S.K.: 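First, the structure itself, so that you have it in front of you.
Heads up: numbering here begins at 1 and tracks the sequence. Just so you know, these numbers use all the heavy atoms, side chains as well, and skip hydrogens, waters and symmetry mates. Computed from a predicted structure; not experimentally measured.
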Amino acid sequence: MPVRWILHWQPSQGAVVNSHILNEISQCVENLNGVKDGRTKATLTFYRPNLRDQSLSSEFPRDFLGISLMEQPNKYYFIIRGHKLAVEADSSILTIMEKLQSYKSKVTLNFEGTQYKLGDFQVRMIKVVPNQAENLRGILMEIEYLPNSSVEKVKPIMEEFIEIWRDVLSKKSLPGQFMRTEPIFVEYGLSDHYTWQHTAVQYAAALAQLIASVQVRN
């Protein structure tokens, strides 16, 4: 599958993330001749162990994330960052988890947005909102380079695209910028050939950065 990069919006000191910023950024994509090409959605859930015996807490991972992707409706992805594990499972695993009651969902966030076609690229502008709430918690941008699935070969092409993109965005004078935390895929046992697990790892990394930036602002 084509390589994707996920960037998070880092607000300037004292600034807040709001829908006006998202609309301005989306306008920039359209100004680059981006053509709307459908919707995108992912859901990320934080799980915590449902322990009857608290003395066992050290045996269960605390940082346990589940990710569902609209493009992969029959799959479910788990990221355990502390153990550097990225696992693809059948979506029926959710039914099993429900029955076992070993983990319960703590927080669920929805990643919803618009997809744009831009030559050899697909760009997705994504808002991060808590489940059953409308307040915007963050903005992500997902860039996909369609012709190639090699993580290393695509890197200079992505970097060049992002430079052009930042130049366009700088004309808007928005209070913040897009940042990318580059995950070390090899730590998760992932190869140079891009897969859905690579996407799941990036979502987890971007979310950690969003949370960190909220904590800094607060």
S.K.: Could you give the distance from CD1 (I126) to CD (Q115), rounded to the nearest 0.5 Å?
M.R.: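 I126 atom CD1 to Q115 atom CD measures 9.0 Å (nearest 0.5 Å).
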S.K.: Would you please say whether a donor-acceptor pair under 3.5 Å links the side chains of S150 and D192?
M.R.: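 Per modelled atom types, S150 and D192 side chains form a pair under 3.5 Å.
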S.K.: Enter the distance from E88:CD to L69:CG here, rounded to the nearest 0.5 Å.
M.R.: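 Spacing of CD (E88) from CG (L69) equals 9.5 Å.
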S.K.: Suppose clustering is done on Ile, Leu, Val, Met, Phe, Trp and Tyr with side-chain heavy atoms closer than 4.5 Å. Which residues sit in the same group as I184?
M.R.: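 Grouped by the 4.5 Å side-chain rule, V186 form the rest of the cluster around I184.
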S.K.: Could you walk me through whether I139 and V128 pass side chain to side chain contact (heavy atoms under 4.5 Å, CB included), step by step?
M.R.: CA-CA 6 Å; I139 297 168; V128 182; over 6 Å; no
S.K.: How many angstroms lie between CZ in R166 and SG in C28, if you round to the nearest 0.5 Å?
M.R.: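 Rounded to the nearest 0.5 Å, the CZ-SG separation comes out at 13.5 Å.
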S.K.: If I compare all heavy atoms of G138 with all of L210, which pair ends up nearest, and what's the gap?
M.R.: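 Closest heavy-atom pair between G138 and L210: CA-CD2, 4.1 Å.
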S.K.: Please check: side-chain N/O of R124 versus main-chain N/O of T40, any donor-acceptor pairing under 3.5 Å?
M.R.: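 No.
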S.K.: Assigning hydrophobic clusters by single linkage (Ile, Leu, Val, Met, Phe, Trp, Tyr; side-chain heavy-atom cutoff under 4.5 Å), is V29 placed with V168?
M.R.: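 Yes: a chain of side-chain contacts under 4.5 Å links V29 to V168.
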S.K.: Could you walk me through whether N135 and V129 pass side chain to side chain contact (heavy atoms under 4.5 Å, CB included), step by step?
M.R.: CA-CA 6 Å; N135 51 326; V129 290; over 6 Å; no
S.K.: Under the 3.5 angstrom rule, does the side chain of K99 hit a backbone N or O of Q101 as a donor-acceptor pair?
M.R.: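 Side chain of K99 to backbone of Q101, a donor-acceptor pair under 3.5 Å: no, none is there.
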S.K.: Do D90 and S92 have side-chain N/O donor and acceptor atoms under 3.5 Å apart?
M.R.: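 Yes - a donor-acceptor pair under 3.5 Å links their side chains.
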S.K.: Considering residues at least two apart in sequence or located in another chain, which fulfil the side chain to side chain donor-acceptor pair (under 3.5 Å) criterion with E24?
M.R.: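 Applying side chain to side chain donor-acceptor pair (under 3.5 Å) to E24 gives K172.
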S.K.: At what distance, to the nearest 0.5 angstrom, does CD of E142 lie from CZ of F111?
M.R.: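 It comes to 10.5 Å.
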S.K.: Look at the side-chain heavy atoms of Ile, Leu, Val, Met, Phe, Trp and Tyr, link any pair under 4.5 Å apart, and say whether I143 and L32 land in one connected group.
M.R.: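 Linked within one cluster.
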S.K.: Are E159 and R180 within salt-bridge range, i.e. N to O under 4.0 Å?
M.R.: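 R180 and E159: not salt-bridged.
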S.K.: Would V151 and H198 count as a side chain to side chain contact (heavy atoms under 4.5 Å, CB included) if you check the C-alpha gap in whole Å, the side-chain angles of each, and the deciding distance to 0.1 Å?
M.R.: CA-CA 10 Å; V151 173; H198 288 74; 4.0 Å; yes
S.K.: Answer with yes or no whether the side chains of Q72 and Y77 bring together a donor and an acceptor at under 3.5 Å.
M.R.: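 A donor-acceptor contact under 3.5 Å links the two side chains.
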S.K.: Is it possible for you to say whether M179 and M125 belong to one hydrophobic cluster, with membership spreading through side-chain heavy-atom contacts below 4.5 Å?
M.R.: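 Per the 4.5 Å side-chain linkage, M179 and M125 are not co-clustered.
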S.K.: Working note: K41 + E71, criterion salt bridge (Lys or Arg N to Asp or Glu O under 4.0 Å); need CA distance, chi angles, decisive distance, verdict.
M.R.: CA-CA 8 Å; K41 183 174 181 184; E71 299 129 302; over 6 Å; no
S.K.: What heavy-atom pair brings L140 and A206 nearest, and what distance separates the two atoms?
M.R.: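 Here L140 and A206 meet closest at CD2-CB, 3.9 Å.
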S.K.: Could you pull out the closest heavy-atom pair between F78 and G66, with the gap in Å?
M.R.: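 That closest heavy-atom pairing would be CD2-CA, 4.2 Å.
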S.K.: In terms of relative ring orientation, are Y145 and F121 parallel, tilted or perpendicular, with 30° and 60° separating the classes?
M.R.: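 Tilted, since the angle between the ring planes falls between 30° and 60°.
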S.K.: Are E112 and R137 ion-paired here, with the side-chain N under 4.0 Å from a carboxylate O?
M.R.: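 Salt bridge absent between E112 and R137.
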S.K.: Might you confirm whether atom CD of E98 has over 12 heavy atoms from other residues, nucleotides or ligands at distances under 6.0 Å?
M.R.: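 Not more than 12 within 6.0 Å, no.
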S.K.: Tell me if a side-chain donor or acceptor on S105 pairs with a main-chain N or O of V107 at a distance below 3.5 Å.
M.R.: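 Checked: no pair found.
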S.K.: With a 3.5 Å distance limit and no angle check, can you tell me whether Q122 reaches the backbone of L146 through a side-chain donor-acceptor pair?
M.R.: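 It does not hold such a pair.
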S.K.: May I ask you to decide if the ring planes of F178 and W9 are parallel, tilted or perpendicular, using 30° and 60° as cut-offs?
M.R.: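 Perpendicular: the ring planes of F178 and W9 meet at over 60°.
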S.K.: Set out, in order, the CA-CA distance, both residues' side-chain angles and the distance that settles ring-ring contact (aromatic ring centres under 6.0 Å, His included) for F64 and F46, then state yes or no.
M.R.: CA-CA 6 Å; F64 183 55; F46 288 87; over 10 Å; no
S.K.: Give the intermediate values and the outcome of side chain to side chain donor-acceptor pair (under 3.5 Å) for residues Y116 and E30.
M.R.: CA-CA 8 Å; Y116 297 88; E30 292 177 26; 3.3 Å; yes
S.K.: Quick one: closest heavy-atom pair of G119 and K117, and the distance?
M.R.: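 Nearest heavy atoms, G119 then K117: O-NZ, 2.6 Å.
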S.K.: Could you pull out all residues at least two apart from K171 that satisfy salt bridge (charged side-chain N to carboxylate O under 4.0 Å, His left out)?
M.R.: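 Applying salt bridge (charged side-chain N to carboxylate O under 4.0 Å, His left out) to K171 gives D167.
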